[in-house]
> 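Quick one: the structure is below, questions incoming.
One-based numbering along the sequence shown. Counting convention: from 1, in listed order, for ligands and their atoms alike. Only heavy atoms go into these numbers, but all of them, side chains included; no hydrogens, no water, no symmetry mates. Note that the structure is predicted; figures quoted are calculated from it, not measured.
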Amino acid sequence: MEPRPGTDLVAVLGGGQLGQMLALAGIPLGLRFCFLDPSPDACAGVVGELVVGALDDLDAARRVAKGAVALTYEWEGVPAGTARAAAALAPLAPPPVALEVAQDRLAEKSLFARLGIATAAFAPVGTRRELDTALRTIGFPAVLKTRAGGYDGKGQAVLRGAADADAAWARLGAAPLLLEAFVPFARELSALAVRGADGTTAVWPVVENRHAGGILRVTRAPAPALGPSVAARAVDVVTVLLDELDYVGVLCVELFEHDGDVLANELAPRVHNSGHWTIEAAETSQFENHLRAVLGWPLGATEPRGPAAMVNCLGALPDRARIAAIPGAHLHAYGKQPRPGRKVGHVTITAPDEATRDARLAQVLAAVGEPAT
Ligand code: AMP
């Protein structure tokens, strides 16, 4: 197919729903997209060209980047080496160092600590003996996590007492690990922000996230009843990281609200599931602002248009007509094959006030088969 005339090419490493939503935001801006993804069924393929190749296939990555005005990534698992190789052909943002940090929980937590960002007590664990030593320092309960490759709660074990150590080690001990103190948090939050090529930053309201089984289920924006000092701390965390990494693009930091403060859990150097509500309910969505940033354009305002919520559709889509019947509900189906636990879509809920938002949210939760908040 011939490229649409007058459009600029944006290259994206990864071709999942985040890539799809980047393209849906970028097509009206006169952009076209090329994605690299290992799967021929990658769902971004419906909104751009898809190059099927492994994410460590440097030649494939270069093919995707060739002729692009900007190169970005939509998954933090993209090897930094791939991003660097493709960056010879098109300007890359966010910086590959953000991938390296996000891919190693020890590097991530060490960066937080170095910048004075509060985080759970942590210690690297390489041997069974080091696990015992770390447990003596950190105490119980604790969470043992693989340093690399864990997402959506995979590669983790909660240790409630010494008796749990052997089983956790047997399950996870083959990989380099990190032990963290278990945080009895009040709730989970995330801070989403964007930094432009000129160093300007803009921040969306801090949101509240409900996870189950390590997977995000529900986001409410803004986080209800968030104290101003907690909100300010959350914004501070994300902006300190943006500046430290000389970052360009959207960055999300997942946080625990605990004891009137926030503890940073992890960062995602990309557009994020907890920011999907910005499509309908913010002046500029995370997807449009990510594109503006990586293209070197001025950022758009991040003000919310009103309270919003987002519910993930896991495993299968809900009845679409039932969602359409709920006022303020907007369905996004990604076109992925249904599979247990797989994110196949989401529903955003907009409303004039928080009480109406929560009432509509309850209707959407019932329609997708999620328990009420
Ligand atoms: P992660 O893969 O680090 O995002 O962890 C997935 C989920 O596990 C988080 O969203 C939390 O609900 C929970 N979790 C992770 N680390 C901790 C911790 N140190 N203390 C309590 N809960 C945690």
> Should R105 be counted as touching ligand 1, given the test is an N or O pair under 3.5 Å?
yes

> In this structure, are over 12 heavy atoms from other groups packed under 6.0 Å from R339 atom CZ?
no

> Is A181 touching ligand 1 with its side chain, its backbone, both, or neither, if touching means heavy atoms under 4.0 Å apart?
backbone

> Considering non-hydrogen atoms only, spot the tightest contact between R357 and I349 and give its length.
O-CG2, 4.1 Å

> Taking the side chain as every heavy atom from C-beta outward, state whether H272 and E254 have any atom pair closer than 4.5 Å.
yes

> Using a 4.0 Å cut-off to any heavy atom of H211, which atoms of ligand 1 qualify?
10 (O)

> Could you verify whether a donor N or O on one side chain and an acceptor N or O on the other, from K343 and Q17, lie under 3.5 Å apart?
no

> List every atom of ligand 1 that sits less than 4.0 Å from any heavy atom of E188, numbering the atoms from 1 in the order shown and giving each element.
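Atoms satisfying the 4.0 Å criterion: 9 (C), 10 (O), 11 (C), 12 (O).
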
> Is there a path of hydrophobic side-chain contacts, each under 4.5 Å between heavy atoms, that joins L99 and L251?
no

> Which of the atoms in ligand 1, numbered in the order shown and given with their element, are less than 4.0 Å from a heavy-atom of F185?
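Result: 12 (O), 21 (C), 22 (N).
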
> Please state which part of V183 comes within less than 4.0 Å of ligand 1, counting heavy atoms only: side chain, backbone, both or neither.
both

> Is it the case that the side chain of T348 and the backbone of M310 share a donor-acceptor pair, with hydrogens and angles ignored and the cut-off at 3.5 Å?
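The answer is no, because no donor-acceptor pair under 3.5 Å joins these two groups.
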
> Is it true that R114 and E244 make a salt bridge, defined as a side-chain N closer than 4.0 Å to a carboxylate O?
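Salt bridge present between R114 and E244.
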
> Going by the closest heavy atom to atom 6 (C) of ligand 1, which one wins out of H258, Q156, E266, E254?
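Looking at heavy atoms only, the winner is Q156.
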
> Numbering the atoms of ligand 1 from 1, which are under 4.0 Å from a heavy atom of K145?
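Counting atoms of ligand 1 from 1, those under 4.0 Å from K145 are 3 (O), 15 (C), 16 (N).
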
> Just heavy atoms, cut-off under 4.0 Å: does N265 contact ligand 1 by side chain, backbone, both, or neither?
side chain

